[in-house]
Amino acid sequence: MRWSYSPEDGPKCTMEPFVCKKKDKKTAHSPVQGTKHKIKEMADRRSSMGSSSDDPPNSRLFIIGPKTLTEEDFRRTFQEFGHIEEIWVVKDRNTGENKGVTYIKYSKTSAAAKALETMNGKIIGGGGGRSIKVMIAASREQGSKRDLNEEEKIQRLFVVVPKSMTDSELYDYFKQFGDIDYASIIKDKNTRESKGFAYVKYIKFSHAATAFEQCDRKYKPVFAEPRKSNVSRNDDRSFSSTSFDTNMSKNALPGPPEQFSNDGYNKLVVIASPSVNQDQLWKLFDIIPGMEYCQLHYDGDRVRPTRAIAEVVYANPQWASYAKEKLHGFEYPPGYRLIVRAEYDNMRSPFGSKSSNTEKQKPDILQIAQTIAQASNLMQAAGLSPDLLQQKLGLLPAGKESTNYCNVKLPDPQPFANIDEETAARCFIVCTPSALPNSVLKDIFCRFGNLIDVYMLNNRNCGYAKYASKASADDAIKTLHGAEICGNRIKVMEAEERPDSSRKRQRIDVESPF
DNA sequence: CGACGGGACGC
DNA sequence: CGACGGGACGC
């Protein structure tokens, strides 16, 4: 079963008028100016494929019905759902006999959707009392063969989302268009970071169609291709504690390790619920870059261990410190907080010899047994809801802000801007020697409030942070410019305006003074 | 000095 | 049961 966000709070619809950029389909008209009357051209809009093409997608219906039905029968009953480009009642080429098959091409997908949902199975005048069957027409290339999971094709959208967007934010935005089955952001299997794409599946085709047409164009919606495997047998195969991903892309790591400083540590000791296994802990700590090693053993009885203890080693002290800050106290599994402390390989704790074993309460057996029982269910949820984790990673309690992965004092984490707010200001970011992962960028740049999105350009050490408030962007620049984060120096400046194609060609004076 | 992203779902 | 024609760029 795929994880999907389920809502817990009431509806908060913020319907914003969005800037409607024109679709850049291949049917684009040449920008001829001077046409005063472009009234009826919309009705005539035809690409070279004619109106039988599937543009926009899923806007053509395929109808099976009584052979007695005429084009007018269909027009009468189908025109109320939206503008019809063409009705074609298929007739035998030779005999001229009605074959009982009709295509209706709408201008809009949503019209086809409403027509389908309303008219499928209905009896219409002239049909002699027998009902019609209404489907979405397959493409001409595809012919008459139909997919097994056809509904996925018309209920599910594939969208581009900001890297900072979470599943719940995605859900909250897209629920304004209708009832959502699930809203799910695609994430890197190892790092759990958003890949910047998502699936949104609706209960009804018409709701998917509305979202497809009316959502902010920045989401670049398309109807998703159905998944390849039609048989989705969902065994919950238990995690194997020995199956590690050996192909983890360490090349995505930010930069070479800093010079190891003697008063740092790069090893952590983690105490966790005995229901945690090594694979799970590995994946959790591998969210923070630079993890090199994670070895877990159990304390106490082999059959009924009292706790799990792990050593986790990072490539450099900065990441180890970051991991400690972010994961100490984190509930994993829910109901059981991780204890993460530094292990000084070479003696010398900056805090002195603070053997604080006393305050780390050893939970009693009974408590643990209960925890295990609950955790077995919750664990999977925790493992499958990385966004929750990501949120927590960015939003740990303000009390623990020693932030020794960062050399400047940072404000507390702030909530992100609403996803549909306009960008008011952008920062240009340069990281040297190398880029920071997105989870860190989010954590750092959200602290000035009103952050819309932050990302690095592909395979480069520079990127942008978008804010919904100029003041927030200015604050970020003031605080972060020149700071060192996890061993990387960052520069944060006001971004220059993007070379915008919509802008009128700038006339640059190239005239030579000579 | 560096400058404008990104497209497919664990099996 | 039930899957693909006809038209072909102006007042």
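A quick note: this is a predicted structure, and the numbers were derived from the prediction, not measured. Residue numbers begin at 1 in each chain, while the letters A, B, ... track the order of the sequences.
Counting to the nearest Å, the P atom of dC1(C) and the CD1 atom of Ile64(A) are 11 Å from each other. To the nearest angstrom, C1' of dA3(B) lies 10 Å from CE of Met493(A). Taking atom CG of residue Asp54(A) and atom C1' of nucleotide dA3(C), one finds them 14 Å apart after rounding to whole Å. Rounded to a whole Å, the CD1 atom of Ile132(A) is 15 Å from the C1' atom of dC1(C). The CD atom of Glu97(A) sits 17 Å away from the C1' atom of dG5(C) (whole-angstrom rounding). If you measure from atom CZ of Arg227(A) to atom C1' of dA8(B), you get 10 Å, rounded to the nearest angstrom. Per the geometry, NZ belonging to Lys466(A) stands 14 Å off C1' belonging to dA3(B), to the nearest Å.
With hydrogens and angles left out, the side chain of Glu86(A) and the base of dG6(C) share a donor-acceptor pair within 3.5 Å. Arg156(A) contributes a side-chain N or O that forms a donor-acceptor pair with the base of dC9(B) under 3.5 Å. Side-chain atoms of Lys133(A) and base atoms of dG2(C) include a donor and an acceptor less than 3.5 Å apart. Side-chain N/O atoms of Asp453(A) and base N/O atoms of dG5(B) include a donor-acceptor pair closer than 3.5 Å.
In this structure, Arg498(A) does not reach the dA3(B) phosphate: none of its side-chain N or O atoms is under 4.0 Å from OP1 or OP2.
Using a 4.0 Å heavy-atom distance criterion, Lys91(A) is classed as making no nucleic acid contact. Among the heavy atoms of the strands lying under 4.0 Å from Arg93(A) are primed sugar atoms or P, OP1, OP2 only; no base atom is included. Among the protein residues, Ser194(A) comes within range of no part of the nucleic acid, since none of its heavy atoms lies under 4.0 Å from any strand. As judged by a 4.0 angstrom heavy-atom cut-off over every strand, Met135(A) is placed among residues making no nucleic acid contact. Across all strands, Pro221(A) comes closer than 4.0 Å to no nucleic acid atom at all (heavy-atom distances). Within the 4.0 angstrom heavy-atom criterion, base atoms lie near Val430(A).
The distance from the NZ atom of Lys153(A) to the CD1 atom of Ile136(A) is 10.5 Å, given to the nearest 0.5 Å. Note that CZ of Phe205(A) is 9.5 Å distant from OG1 of Thr210(A), once rounded to the nearest 0.5 Å.
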Mind running side chain to side chain donor-acceptor pair (under 3.5 Å) on Thr70(A) and Asp73(A) for me, showing each step along the way?
CA-CA 5 Å; Thr70(A) 66; Asp73(A) 291 329; 3.2 Å; yes
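No more than 12 heavy-atom neighbours from other residues, nucleotides or ligands sit within 6.0 angstrom of NZ on Lys108(A).
Here the rule is salt bridge (charged side-chain N to carboxylate O under 4.0 Å, His left out) with Glu85(A), and of Lys105(A), Arg60(A), Arg75(A) only Lys105(A) fits it.
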